[in-house]
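All heavy atoms count here, side chains included; hydrogens, waters and symmetry mates do not. Below, chain A is the first sequence line, B the second, and so on; all start at residue 1.
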Amino acid sequence: MSDIFERIREKFPEYFRSSHSNFGDDTILIKPEGLLPVMGYLKDEEGFNVLMDLTCVDYYGEEERFEVVYHLYDLTEKKRLRVKVRLREEEPVVESLSHMWKNANWYEREVWDMFGVKFLNHPNLKRILMYEEFEGHPLRKDYPLRKRQPRVGPLN
Amino acid sequence: MGVKRVVTGVFGEEGFITTKLDSMVGWARKYSLFVYPFVTACCGMEYMSVSCAHYDLDRFGAALPRFSPRQADLLMVVGTISHKIAPVLLRVYEQMTEPKWVIAFGTCTCTGGFYDNYATVQGIDTILPVDVYIPGCPPRPETVLDGIMKLQEKIQNSKQEY
């Protein structure tokens, strides 16, 4: 499975950062500016036609604080690949994949809601789980554990 | 029950009943609970179980779910209530006509349960009055029946408004 790492490294040397297969899970880390070309290549030429999951990790305290994680699946070959990008704290912005995989639309809204990562060219980037009046992004590590924002009733 | 049945030969074969009006209205009300099920989470499975044939809420006159709050007099809040849906729950409660009662069904509804987080209301009694708390995660149907009987007792023994 390391040949896919080699192919990506050869095709996109400027975007490739690192790769590993820990516990049998093939993972590549790429630069965020290369997300669209790399993902387009993986979908159209490597056959990863399903976006299984799209989520985010908050590495609070690190300079590249947010890590957006994409889980891809190849329905015909039954292969999986995990793609990651790291985003800086001051500018948590990455390109939207909603025009490539339709389901990315809601995943990206969830990541925006929970982590405050912005997705460029997203058709409808608004909160999906929390209500519009909610302030902040609750899954960020610096969101206060006891902070409550009820719409009715007391601060319980 | 508060209803005394006296049958004597003096007044013929039919007999008669003496009671207080309050007691009789309470007796009528406690056996005609129209339930509005506000079901949001896994406790709903237990609610289905308790309202179907095995446990049979109909024995308590509380079988008929009304999906309009205007026709219901028992609000059964079944499952976790998030801050997002709390205003909806409050509006449903406000739309119900008097007399009305509320049952908090399950630990999440009573106290928030283990969801002590940004999203969850820590017990619905912070936003509306609750008559009976049924704990459990989820409560067994027997516990729910016990709660229904507690509510019936409460209805019977309270002062009736009419």
Side-chain angles (χ1 to χ4, degrees), chain A residues 53-62 65-69 87 89 92 103-119 122-156, chain B residues 36 38-44 69-70 72 75-96 100-135 137:
Chain A
D53 195 13
L54 191 170
T55 185
C56 183
V57 186
D58 180 4
Y59 289 99
Y60 183 56
E62 294 183 21
R65 180 172 166 185
F66 298 103
E67 183 177 75
V68 184
V69 188
L87 306 174
E89 180 170 4
N103 58 337
N105 186 319
W106 282 18
Y107 285 142
E108 286 170 350
R109 282 177 62 186
E110 188 193 10
V111 171
W112 158 249
D113 194 356
M114 295 288 126
F115 291 93
V117 171
K118 279 200 183 107
F119 291 87
H122 189 287
N124 184 28
L125 192 63
K126 61 179 188 183
R127 290 187 185 279
I128 190 168
L129 295 173
M130 304 309 292
Y131 30 99
E132 280 301 314
E133 312 93 286
F134 193 87
E135 285 173 12
H137 303 281
L139 290 196
R140 283 191 172 192
K141 296 287 182 207
D142 53 356
Y143 185 87
L145 187 64
R146 300 260 158 215
K147 188 175 177 192
R148 300 289 185 268
Q149 303 182 42
R151 301 167 81 191
V152 292
L155 272 173
N156 54 64
Chain B
Y36 182 97
F38 196 93
V39 180
T40 58
C42 38
C43 274
R70 291 159 204 276
L75 177 61
M76 255 202 192
V77 187
V78 183
T80 323
I81 299 299
S82 64
H83 286 306
K84 192 174 185 179
I85 208 162
V88 180
L89 175 64
L90 190 59
R91 173 168 290 198
V92 166
Y93 175 75
E94 283 166 351
Q95 284 182 344
M96 289 168 64
K100 55 188 171 185
W101 299 276
V102 179
I103 282 184
F105 185 123
T107 302
C108 291
T109 323
C110 296
T111 67
F114 54 68
Y115 299 109
D116 184 6
N117 60 24
Y118 61 90
T120 310
V121 176
Q122 302 297 296
I124 57 161
D125 53 1
T126 59
I127 51 176
L128 49 86
V130 175
D131 292 283
V132 176
Y133 298 84
I134 302 176
C137 186

The reported gap from CG in A/L139 to CG in B/N117 (rounded to nearest 0.5 angstrom) is 9.5 Å

Between B/H83 and A/F134, is any pair of side-chain heavy atoms under 4.5 Å apart?
no

Query raised in the report: Does OH in A/Y131 sit with more than 12 non-hydrogen atoms of other residues, nucleotides or ligands closer than 6.0 Å?
Result: yes

Heavy atoms of A/I128 and B/K84 approach each other most closely as O-NZ, 3.5 Å

On a heavy-atom basis, the closest approach of A/V152 and B/P87 is CG2-N, 4.0 Å

If one checks every heavy atom of A/L129 against chain B at 4.5 Å, the contacting part turns out to be backbone

- prompt: Got more than 12 heavy atoms from elsewhere within 6.0 Å of NZ, A/K141?
  reply: no

d(B/I85 CD1, A/R151 CZ) to nearest 0.5 Å is 9.5 Å

Does atom OH of B/Y115 have more than 12 heavy-atom neighbours from other groups under 6.0 Å away? no

